[in-house]
Amino acid sequence: MRPADMRLFHPLTLAVPLALSLALSTAQAQDSRSAYDVRLLGVPVGQMQLAAREGGGGYGVSAAFATTGLANIARASFRLAATGRMTDRGLAPATYDEQIDTGSRRSTVQLSYADGAPRITGGTVAAKVANDPEALDPAAQKGSVDPLTALYGVLRDRPAEGICRYSVIIFDGARRASLAMSARQADGGRVTCSGAYTRLAGFSASEMARQTVYPFSVTYIPAGKVMQAQALTVRSGYGAAELTRR
C-alpha cells in the first residue's frame, strides 16, 4: 500500500481504541466503542476501532488504524486522540495527539487550543513548521478542529434532524482543509449524506496537483433515538476507500 493511499484515511477514515484518561463526569458519561473494516479498491487493508466518551459537557475520543493481512507487506499505522467541549455550535477541541507511520515516513504532533485557536505544543511537526517560513500560522487557524474531532463528528451517533448538515475546517498542525456534507438521500429509514474533503493550504505542490477535492458519502441507519454511521466511502484518483462498521 502506497503512502499516498494511506493519506486518504488520515482526515476521514482512521482509527483502534487507545486508553482514555478523560476528565469527564463519570456519572453522566456515555462510553461508545465501534469497530470497522477498511478497504481500498475493494481489497481489505486494515481494521479500525473508535473509542469515545461524552459527558459533563465534554468529549474524549481515541482512534488508531493498522494494516492487516496482505496489506502488512507495506505496514502503516495511525494513532490519534482528542479531547474537547460539546457546544451548541458543535465539537470544540481542547487537545489533540497524532502519531503517523506510513512505512516510509513517521510524524507526530500535539496541539492545544485556547479561545478556539490551535497551538503546536510538541511532536516532529513542530520543528518542521518552525523551520519553514511558508508554514501556516496556527494562530490564524482559529475556529478549526483537529482531524480526529472532524472524523468523530461524522461517525458519532447523531439525531436524525439535520443529520446531513455538517461543516468544519480542519488543521493538523501543518495543513488546512475543509470537510462539508449537505446532500441527503433517504431510502426508508436509511439516510446517505454526501459531501467533500477539500485541501486548502499547506499541502505540497504535488499533493495539490494530484487531487484537491475528495468526494465522500456516509450512510446512517436508525439506532433507537439516534442515527448510527454504518459506512463511509471516500473517492480519489486511486479508487474508493471504504470504512464499514462491523
Side-chain angles (χ1 to χ4, degrees), residues 1 3 5-24 29-40 44-55 58-68 71-72 75-86 90-103 105-113 118 122-123 125 144-158 166 168 170-173 175 177 179 197 214 216 218 220 228-234 241-246:
M1 191 178 203
D5 295 334
M6 298 307 305
R7 292 298 304 178
L8 298 178
F9 297 105
H10 170 52
L12 291 175
T13 58
L14 297 178
V16 176
L18 307 176
L20 288 177
S21 178
L22 309 172
L24 302 178
Q30 294 184 345
D31 295 340
S32 65
R33 290 177 180 269
S34 49
Y36 303 83
D37 291 319
V38 181
R39 292 180 173 82
L40 183 66
V45 297
Q47 296 179 349
M48 168 185 132
Q49 293 180 349
L50 188 69
R53 169 173 287 189
E54 296 184 4
Y59 72 93
V61 58
S62 62
F65 166 86
T67 51
T68 58
N72 257 341
R75 295 184 179 182
S77 63
F78 298 76
R79 291 181 176 271
L80 316 173
T83 65
R85 297 178 296 108
M86 301 173 66
L91 303 177
T95 65
Y96 174 64
D97 189 316
E98 170 186 292
Q99 302 175 47
I100 293 179
D101 182 355
T102 67
R105 179 181 65 83
R106 295 182 179 181
S107 67
T108 60
V109 66
Q110 290 85 48
L111 303 178
S112 65
Y113 295 75
V125 169
S144 64
V145 303
D146 62 86
L148 181 55
T149 292
L151 170 65
Y152 182 54
V154 171
L155 295 181
R156 66 192 287 260
D157 293 351
R158 304 170 62 202
Y166 184 74
V168 293
I170 303 169
F171 179 67
D172 66 0
R175 293 167 288 269
L179 187 155
Y197 167 83
Y214 292 80
F216 71 91
V218 189
Y220 299 89
Q228 189 178 82
Q230 292 297 302
L232 183 153
T233 300
V234 185
E242 301 170 300
L243 186 73
T244 306
R245 190 170 188 144
R246 290 185 171 186

Inset, instruction - Check whether any side-chain heavy atom of Asp37 lies under 4.5 Å from a side-chain heavy atom of Arg246, and answer yes or no. - result: yes
Legend entry - Leu111 side chain reached by Asp172 side chain, heavy atoms, under 4.5 Å: no
Inset, instruction - Output the distance between atom CG (Leu232) and atom CZ (Phe216), rounded to the nearest 0.5 Å. - result: 6.5 Å
Legend entry - Between Tyr96 and Ser112: side-chain donor-acceptor atoms closer than 3.5 Å: no
Inset, instruction - Determine whether Val168 and Leu91 make a side-chain contact, defined as any pair of heavy atoms from C-beta on separated by less than 4.5 Å. - result: no
Legend entry - Donor-acceptor contact present, side-chain Gln110 to main-chain Gly123, <3.5 Å: yes
Legend entry - CA sep, side-chain torsions, deciding dist, call: Arg39, Val45, side chain to side chain contact (heavy atoms under 4.5 Å, CB included): CA-CA 5 Å; Arg39 292 180 173 82; Val45 297; 5.7 Å; no
Inset, instruction - State, to 0.1 Å, how close Thr68 and Gly46 come at their nearest heavy-atom pair, and which atoms those are. - result: OG1-CA, 3.4 Å
Inset, instruction - Answer yes if the side chains of Tyr152 and Glu54 hold a donor-acceptor pair under 3.5 Å, and no otherwise. - result: yes
Inset, instruction - May I ask you to decide if Ala76's main-chain N or O and Thr67's side chain share a donor-acceptor pair within less than 3.5 Å? - result: yes
Legend entry - Any donor-acceptor N/O pair, Arg85 side chain to Ala94 backbone, under 3.5 Å: no
Inset, instruction - Identify the two heavy atoms, one from Arg158 and one from Tyr220, that lie closest to each other, and give their separation to 0.1 Å. - result: NH1-OH, 3.4 Å
Inset, instruction - Mind checking the CG-OG spacing from Leu155 to Ser34? Nearest 0.5 Å is all I need. - result: 7.0 Å
Inset, instruction - For Gln228 and Gln230, test the side chains for any donor-to-acceptor distance below 3.5 angstrom and give the result as yes or no. - result: yes
Legend entry - Distance in Å, Tyr59 OH paired with Met86 CE, rounded so as to fall on 0.5 Å steps: 9.5 Å
Inset, instruction - Kindly give the heavy-atom pair with the smallest separation between Ala82 and Leu148, and that separation in Å. - result: N-CD2, 3.7 Å
Inset, instruction - Looking only at non-hydrogen atoms, find the nearest pair between Pro147 and Phe171 and report the distance. - result: CD-O, 3.9 Å
Inset, instruction - Using the side chain to side chain contact (heavy atoms under 4.5 Å, CB included) rule, take Leu179 and Val154 through it: C-alpha gap first, then chi angles, then the decisive distance, then the call. - result: CA-CA 10 Å; Leu179 187 155; Val154 171; 4.1 Å; yes
Inset, instruction - Check whether any side-chain heavy atom of Ile170 sits under 4.5 Å from a side-chain heavy atom of Asp146, and report yes or no. - result: no
Inset, instruction - For Asp97 and Leu80, run side chain to side chain contact (heavy atoms under 4.5 Å, CB included): C-alpha distance rounded to whole Å, both residues' side-chain angles, the deciding distance at 0.1 Å, then the answer. - result: CA-CA 6 Å; Asp97 189 316; Leu80 316 173; over 6 Å; no
Inset, instruction - Output the distance between atom CZ (Arg106) and atom OG1 (Thr108), rounded to the nearest 0.5 Å. - result: 11.0 Å
Legend entry - Main-chain N/O of Ala150 paired with Tyr166 side-chain donor or acceptor, under 3.5 Å: yes
Inset, instruction - Give, for atom OG of Ser144 and atom OH of Tyr113, the distance between the pair rounded to the nearest 0.5 Å. - result: 5.5 Å
Legend entry - Straight-line distance of Leu243 CG to Gln47 CD, nearest 0.5 Å: 11.5 Å
